[in-house]
Every structure is written in C-alpha cells, then in structure tokens.
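Quick notes on the structure that follows.
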Amino acid sequence: MAAYAALVSLMHIIDRLENHPSPPISIDKEQVESLTENVTSLQDFLDAYIFPVVDDHEADPLERRIADAVYAAEDVIESQIVLQIHNRSTIIGRCPVDNRSTIRRKMSSFINLFRARCKCSTIEEDFYHDLQQVIKEMNVIKKEAMKIAAAADQVQRKVSSSHAGSSSTVKESMVVGSDEVLLEVLDKLTGDQLSRQIIPIMGMGGIGKTTLARHVFQHALVKGHFDICAWTTISQTYNVRETLREVFSQVSGNSGCDDLSEGELGLKLYQYLWGRRYLIIMDDMWSIEVWDKIRSFFPDGNYGSRIIVTTRLSNLTSQLGESYSVGMKFLDEATSWDLFTKTVFGGESFPHELEDIGKNIVANCKGLPLSIATIGGLLAKSERTREYWVHIEQNLNSIVITNNDEFCLKILRMSYTYLPNYLKPCFLYLGVFEEDRRIRVSMLEKLWVSEGFLKPMSGKCLETIAEEYLKELVDRNLIIVDELGFRGNVKFCKIHDLLRDVCLKEVKKERFYHIIEKSPVVIYNQRRGVVFKKNAGSWVISEVSRSLSHARSIICDDEGKNFERPHNFRLLRTFKAYDRDTLNRYGDDGDHFLGDVFQLVNARHLAVRLYWESEFPSSINLLWNLYTLIVAFALVPLALHPHNLIAPIEIWKLHQLRHLECMGTGLILPDPPSEMVIMENLQTLKGVRNFYLNEEVVQRIPNVKKLHLIYTSEDMEAANCLRYLECLSKLENFSCSIHPEYAEYLQRISFPHSLKKLNLSLSPSYDPLDLVEILEKIGWLPLLHKLVLHRGVFNTGKWDTIEGQFRSLKLLKLDWCSGLKNWTTAESSHFPVLQELRLQGLMELEEIPSEVGEIATLKSIYLERCSESAVESAKKIVEEQEDLYGRDQLELHVQAIVAKAHERLQSLASPNFEVTVRGF
C-alpha cells in the first residue's frame, strides 16, 4: 500500500513539472519517460499481485524496496526544486539598490550571475546523475517484479481459490442482539411474494451479518417452509466452480461432482432446483460480478424461493436490483448490555460490585457485537475480580484485537485487505485523527489531495475523485456517517475504534506515517509525522523538529503552538496545525511563523494560526505547487488590534491554488497584476474583505465554487463590487457580510443560477435592507437548497410567497429580521422540499403559516426568541401532523430566554416539542 501511494505521488510530481506554466525545474525527457514507464509497470504489478504475509510487523521486502526507490526519486526531484528556487530568490535578492555607479552595478550583477550559473550547472549535473541512479534501481526492481508476477500468474492471481469459505466460521457465542431484525427477515422469507427474491444483509465487519444469517438458516420456521436450504461462502477470492459445487453437493447430497466443469455443474444445479422452493445463503459477497456469473443457475419458477446475501458493501443492494435490504446497525445501550450479560453470566445474576465497570466496558465497545461477544467470552472464562475487570476496561481494544487467536483482527482486517489499492491510503489516513473524533469531510478530502495519493482520472478534478473515494469507503462500511448535508453529502464522519486500531496496526507495518509517542524514537526516515494533543509536550515537538527533515507531512492536533520555526522541514508538503472546528475553542499565545512557512517551497497544504501583527511576505509566489492555504487570526479583539491582513500581489501567481481561506478579520486581496493569470484550479475563496469583483477578476477565477466575502465601509466602491457576480457560472456557495451603508446594492445584483447555498448577513443599522424585493429575486434560483438571511427588515410587515419559488429549498433560516408580522403562503407547494425551518429573533411574527405543516418533507422547526404566538402556531402544526398523518417525524425545538417565557412555554411541551432555556 505504501508503495502504491508513493508511485501515485511521484506521478503527480512529474505531471506538475511537465504541465505547470512556470515549473521550477525541468527533467530530462528520457528520464521522464523512464520514470513514467517504471511507475506504470510497478502500479500494474501491485494491482495484480497480492503480497504474502511475511511478518505481521513488516511489509513484504519487495514492496518495501519499491517504496524506498520511489521515495528516493521524490527526494532527488524535490530537493532540486528547493535548491533552484532558493538560488533564484537569492540572486534576485542581491540586486543592488544603492547609488553606486552604473559600471560597478553592472559588473557586480555580471559576477554574481556568472557564479550563480556555474553553481547551477554543477547542481543540475548532480541532479541528473542522482536521478539516473534512482532510475537504475527502479529498473532492477521492475525486472524482479515481472519475474515474480510471471511465476505467480497461475498460483496467485488474487489468491488461491482454496482460501474461499474460510470466513464462514461463526462463533456461537455471538448472538444477533435484536429479535426484531430476525423476525423481520423471517417475515420476508415466508411472505406471499412468489417470484425469487434476493435479501441483502449489509453492515461493517463484525456487526453480526453472518450471525443473523446463521440464525435464520437454522430456524425451525425456515426449515419447515423451504424444500431446500444451502449455505455457501463467496468471499473476495471467489471461485465460480467451487461455489456451484458446494451448493450442489448440499442440495443433492451428491459429493461425486468433482470432475464436472463449471457449466455442467450449473446445469445440474438448475435442474435440481427447478420446481422446488429453495433458500440459498451466500455469505460474504464482495462484488456484483460473482452474482452475474451464477445468477442464471438459480431458477425463478414462482415458487417463493429466496436468496440471502451478506455483504459489507452497502451499494450492492441497488446492483442486485432489490429495493428491500437489511442494514445491520450498531446495538443500542440496552441491547448491548443484554448481549454482554448473557455472554458473561448466562442466566446468573450480574454481581453488583462489577456492574459499573461492566457498563463502562459495554459503552467502550460502541455497539459492535463482535467486540461485545469477544470481550464477554473472555470475561466469562476469567476471574471475577474488580481489579481484573478494571484492567480489561483500560486495555479493551488491544485485548479485543488480539484475543482468541486474533479472530476479531482477521474479521476486521479483511475489510482492509480486500480494498482496492487506490483506497487503502485513504482509509489508513483516518488514523491521524484521535479516537471518537468527528472528522470534517471537506478538510479530510483537502488533505488527501495534498498528500498526492489520489490517482487522477480523465475529466475529473481531484476533489471529485476524493468525494468518490469517500463514498466507496462509506459503502464498504469502513467509515461511519456522522452528519449529512442537505444535498445528501457527508459533512462529518467517524471511524469505529476497533477499525481505527486495525488501521494503526497496518500503518505501523507499512511505515505509512509515524505517531509521535511519549518516548523518544528514531524517526528520521518517516515521511509523515502525527502529533496528538495528549503527546504534544515540548520535548516531542523538539524531537520532531530535529528528526523529520525528510518529512512530507506534519499533522498536529494541538495546533502547532509548540513547534519551532519550520526551517528544518524543507521538503514539507502538508502542515496542518489547525482546522475551523478548533479555531474557536482555543486562544493563541504567539506568532505562528507565518513568514517562515513560506520558505516551504514544496508546500501543498498549509493550515496555520497567526498572531495579529503577522504579515504576508511577497515570497508567497515561491510556493509553486500550493493547493490549500488556511490562515486564522488569533482571537484578539479588533478594537485592540485593528490590523488588516493584506496579501501581496504575488498571490495571483499561484497557479495550482485550489482553496484560500482566512478566518478572523478577513484577508484583503490586491488588484491582480496586469498580465493575465488564470487561476483555473481555484475553487474556494473565503474570508476575503472588500473584494472588488470586477470583470477582469471574474475571468481569472472562472471555476470558483465557494465565495465568502466581507464588505465594510473602508475604501469600498460597493456599487460595483458585486456587479459581475452572475458571471461566476460554477458558483455554488455564496456568503456575503455587508455594511448596512451598502446593503441597498444587494438589490441590484443578479445571482448565478448555479447557487445552492446563500448566506446574506447585514450589520445592525437604523435603515436596514428591505428583504421582500431581494427574497423575490432569490426565490427563483432553481438549485438553491439552503438560505440564511441575517438582519434586514420587512418594511410592509408582510411576506407573501409565490407559487413556483423555492422549489429546491431544504433549509430556511431568518435571523433577526425585523418587521415581519404576517407571513402568508397559499400552498405547501411554495416550499415543496423544505426539511428545516429556523427562526430567530422574530418577536413580531404572529404565526407560522399552517400550510407549512403540509410540507411532507419537513422534519424540524427551530424557534429562538420568537413570539409566543409563533411558538403556539408551530406546536399546533406539529399536533395536526400527528393527528392527520399519524407520524411523529416533525420536531419542534424552542429556546426561551427569560424565566417567565420558559414557564409558559414549558406547559406546551410534548414528546416532539423540546423547550430549553438560556440566560439565567
């Protein structure tokens, strides 16, 4: 895996140098061809060949050699880039600025230039020689790999078929955990549908799919209902003939079919099953391919036959053409406790002195039946002392992983082993986040891109590829979806603790990254270093600074406050010391070396905090391959330090820049240089202040998707600032915070029809914006699914929505918008897909239109500091939905601010009506 990720990364570097408009170095054409040929051949080899497990703690030696050779090539190329850029900047820095004679200036410049050229010539010769040595090593490795591939072609093209069936072993101690799921499946099996039906059972490894299938298979109702029952394990390494032979021998009792071909076996099986009601369980299916190859051998004779498929792939249901499936979920607290107590004590009572520790153990299993059953089975055979149970609680995950001949590890690791090579580094990268961390997907995808192990696809940007990879990991139940966005995208995700432990075990074996622990270790050869907050002592940071000279990535969870200046990290690509989820949780105590960061000329991803008086250096243009730049001001009041962060004009020369974000007071961008530089990769521009979005600027950023702007009263031509906004045809997310003095200009601009999210925020004013006219304009945006309006006024006191408007809107938030008394809507079709309504500070609103309650998609209403009559109308809507539709999906959340209001509103509370109070 590490070798494969390194090969993809090297190709990224070569491609950037070949296609960059102003590359820092050039590579000899023959060397480029040799490198490309070697990389392609070795990638094909890794895709076709599965390495045997040589040692549980070490990767295969050949794979290690491939990775080391590729790392050496990267070091040679990127070191040359550093030397060339620093030499070039040094020469420029030597240009004379005093009043010496013209002759002396010219002579000095000539001598410096001559010396520099001589030096560069030597450097280039060394570079060519060093790169050629690496290519020779890669040639040797490639020849060795081809020999291995040829010898293994007949034996190990995706592992021998004799391996199939190994995962069918089921531990009897693991029970289903939910009788409701079992009854549901039994009902489907014995239902009235006569046509053959496939029932997929889906979920992550260890969640109980095979156990549920086994209980169904052995149930008396099933045995009495079906004429024939058979079980076969498919697995990733399926063999069609072996699968057919296994099923046929079970259904016919005939074991003498070893000499039959695949076609003959299939025909005999079809003939035997015809006219009979059969149940076939296909355990552990990993792809639709195997079903496509065997489906014709299972007749659909309208006898009520069923096929159960267990799989870790959620998307297999649609591929099988079935609308019904069973999604195995994590056990809830009560069911987990029931499973644990039965496993440990059977019918005995639970000792009172162990109950509190037992509940902690169960909670730490996070609802995974495999974990609960394994640890329960261990405790059932062990001493029942409080000291021993405390030891188990403190070492739970490592015990679960290694207990019982590593049975759990084998089950969970299988999900990783059978991942395609291109997904493995993405999965292992999840280990850089601490346990139980809610991972922001947008940040995760930016890191994947910057690391360079996303394999390019024709016609797709790297962000799109990252989204597809994430979806694949979700479909394979390796990532837990923690929060969805309104367009169905994953906003936050998590990884189960046990899968994370599997992940870290593989990381250590592959040397994919190094987690800095509390004890000193030799880490000089590590490509990536990870520092968790719990390990972020000053000595650790110093050790990292000294030892990771060849590191490409440093991910620290403590925001990098203790890091020394990064002059040692000359090859660094990714430095993440902050993300927006931690920005507001911590203060700041010093300058975060903003100037020194821009010496990292190979940087792709920089996320740093900076002190209020930091400034951008003009040397930012040296970062020739920068993808993402995120800067955040320390939390210092503007009144104390009214400082502007002004970017130099050179920022417009960052051809590869994809995401530029500034948190805090905002970033001021200068007018672009006169020469036309198209930043076609730029997708995100956030936290930019007083941005003059004229025609020329729009042409330079044609592919921007996210644009968050701040307009103040300082030096601003507001009438023209947003005049060309409509020309950004790919803009999906627009946020604008504007000074009320210029709010009227919002009514003059036109929004692009591509908008999906719109957030308009006005500062407090005695003459705020009239929202009626602008809402009428916004309402016709065809793709808009999220609208937030902060402040503004309804001058007429009314808002009459119009038929056909807001047809894609899923979230509507009106925040401190004054003057609104009467909100009328004639039909629920005015907001046909609305899911969430949020109203804050609408003290004059008399009621929410009753038609809102008829919107079938509506899930929740949130009210804060609204009138009591508005709250009562919202509660009436909830009650009417319950009475008319018998559904309780609509929830009402009210935040009261003063005690009296809370007392009155509390009397209205119901199961779907939550009242909270603030301000006591």
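A quick note: this is a predicted structure, and the numbers were derived from the prediction, not measured. All values below were derived from every heavy atom in this structure, side-chain atoms included, with hydrogens, water molecules and symmetry-related copies excluded. Sequence positions, counted from 1, serve as the residue numbers for this chain.
- A cation-pi arrangement, defined by a distance under 6.0 Å to the six-membered ring centre and an angle within 45 degrees of its axis, is absent between R476 and W286.
- Judged purely by atom type and a 3.5 angstrom limit, T232 has no side-chain atom pairing as donor or acceptor with the backbone of E246.
- With a 4.5 Å cut-off on side-chain heavy atoms, K576 and L447 count as touching.
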Report task. Starting from the C-alpha separation in whole Å, work towards a yes-or-no answer on salt bridge (charged side-chain N to carboxylate O under 4.0 Å, His left out) for E355 and K359. Result -> CA-CA 6 Å; E355 191 168 332; K359 288 184 177 179; 3.4 Å; yes

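- For the pair E879 and K875, the salt-bridge criterion is met [side-chain N within less than 4.0 Å of a carboxylate O].
- Counting heavy atoms from C-beta on, the side chains of L811 and H785 never come closer than 4.5 Å.
- None of L837, V878, I877 except one satisfies the side chain to side chain contact (heavy atoms under 4.5 Å, CB included) rule with L892; the exception is V878.
- At least one donor-acceptor pair closer than 3.5 Å links the side chain of R386 to the backbone N or O of E353.
- Side-chain atoms of E836 never come within 3.5 Å of backbone atoms of K859 as a donor-acceptor pair (strictly under, hydrogens ignored).
- A salt bridge is defined here as a Lys NZ or Arg NE, NH1 or NH2 lying under 4.0 Å from an Asp or Glu carboxylate O, and R438 with E483 meets this definition.
- Taken to the nearest 0.5 Å, the CD1 atom of I372 stands 3.5 Å off from the OG atom of S336.
- When all heavy atoms of G205 and L368 are compared, the pair lying nearest together is O-CD1, 4.0 Å.
- Closest approach of K209 to M204, counting heavy atoms only: NZ-O, 2.9 Å.
- Residues I280 and V247 have side chains in contact (heavy-atom distance under 4.5 Å, counting atoms from C-beta outward).
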Query raised in the report: Passes side-chain contact (heavy atoms from CB on, under 4.5 Å), T311 versus I201? Steps please.
Result: CA-CA 6 Å; T311 178; I201 302 176; over 6 Å; no

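- R440 has no carboxylate O lying under 4.0 Å from a charged side-chain N of D482, or vice versa, which leaves the two without a salt bridge.
- Using the six-membered ring where Trp is involved, F433 and Y429 have ring planes that are perpendicular, over 60° apart on the 30 and 60° scheme.
- Between Y469 and Y422, the distance from one ring center to the other falls under 6.0 angstrom.
- Classification of K293 and E289 as a salt-bridged pair fails, no side-chain N sitting under 4.0 Å from a carboxylate O.
- No donor-acceptor contact under 3.5 angstrom links the side chains of S195 and Q197, judged on distance only.
- A 4.5 Å side-chain heavy-atom check between V490 and L470 finds at least one atom pair inside the cut-off.
- T857 approaches V833 most closely through the heavy-atom pair OG1-C, 3.0 Å.
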Query raised in the report: Between H391 and E393, is a side chain to side chain donor-acceptor pair (under 3.5 Å) present by the stated rule, with each step listed?
Result: CA-CA 5 Å; H391 168 74; E393 177 194 358; over 6 Å; no

Query raised in the report: Where do R312 and D284 land on the side-chain contact (heavy atoms from CB on, under 4.5 Å) test, with the steps shown first?
Result: CA-CA 7 Å; R312 304 186 189 200; D284 202 24; 4.2 Å; yes

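- Under a 3.5 Å cut-off, the side chain of T341 and the backbone N or O of D338 do form a donor-acceptor pair.
- Note: F340 and F350 have tilted aromatic rings, judged against thresholds of 30 and 60 degrees for the angle between ring planes.
- Because its NZ or CZ atom is both nearer than 6.0 Å to the ring centre of Y862 and within 45° of the ring axis, R838 counts as a cation-pi partner of that residue.
- Closest of all the heavy-atom pairs between I234 and M285 is CB-CA, 4.2 Å.
- Closest non-hydrogen pair, F427 versus C503, comes out as O-SG, 3.8 Å.
- Of all heavy-atom pairs between S287 and L316, the closest is C-CD1, 3.9 Å.
- By the 4.0 Å N-to-carboxylate-O rule, K505 lies too far from D501 to be salt-bridged with it.
- Atom-to-atom distance recorded for L221:CG and L186:CG is 6.0 Å, nearest 0.5 angstrom.
- Side-chain contact between R384 and L354: present, with at least one pair of heavy atoms (C-beta onward) separated by less than 4.5 Å.
- Rounded to the nearest 0.5 angstrom, D475 CG and M202 CE are separated by 9.5 Å.
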Report task. Please lay out, stage by stage, how Q193 and Y324 fare under the test side chain to side chain donor-acceptor pair (under 3.5 Å). Result -> CA-CA 13 Å; Q193 181 174 324; Y324 173 78; over 6 Å; no

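- Checking side-chain atoms of T233 against main-chain N and O of D283 turns up no donor-acceptor pair under 3.5 Å.
- Annotation: side chain of I308 is not in contact with side chain of F217 (no heavy-atom distance under 4.5 Å).
- Within the 4.5 Å cutoff, side-chain heavy atoms of L182 are placed close to those of V216.
- Annotation: cation-pi pair K366/F330 absent, no NZ/CZ under 6.0 Å from the ring centroid and within 45° of its normal.
- At a threshold of 4.5 Å between non-hydrogen side-chain atoms, the residues C493 and L473 do not count as touching.
- The distance from atom CD of E434 to atom CD1 of I439, rounded to the nearest 0.5 Å, is 11.0 Å.
- Counting only distance, with no hydrogens or angles, the side chain of S305 and the backbone of R277 share no donor-acceptor pair below 3.5 Å.
- Under a 3.5 Å cut-off, the side chain of N364 and the backbone N or O of N360 do form a donor-acceptor pair.
- Remark: the H893 side chain and the E891 side chain contain an N/O donor-acceptor pair separated by less than 3.5 Å.
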Query raised in the report: Going through the distances and angles, do R306 and Y278 end up as a side-chain contact (heavy atoms from CB on, under 4.5 Å)?
Result: CA-CA 6 Å; R306 303 286 187 264; Y278 61 83; over 6 Å; no

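- For E333, the CD atom is loosely surrounded, since the number of other residues' heavy atoms within 6.0 Å does not exceed 12.
- A distance of 5.5 Å separates CG of L379 from CD1 of I361, quoted to the nearest 0.5 Å.
- A donor-acceptor pair is defined here as one N or O able to donate and one able to accept, closer than 3.5 Å; such a pair exists between the side chain of H496 and the backbone of C365.
- A donor-acceptor pair under 3.5 Å is formed between the side chain of R528 and the backbone N or O of F512.
- The line from CG of L320 to CG of N315 is 9.5 Å long, rounded to the nearest 0.5 Å.
- Distance alone, capped at 3.5 Å, places no donor-acceptor pair between the R511 side chain and the K509 backbone.
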Query raised in the report: Given the rule in the side-chain contact (heavy atoms from CB on, under 4.5 Å) test, do F492 and L444 qualify, once you have shown the distances and angles that lead to the verdict?
Result: CA-CA 10 Å; F492 288 91; L444 175 64; over 6 Å; no

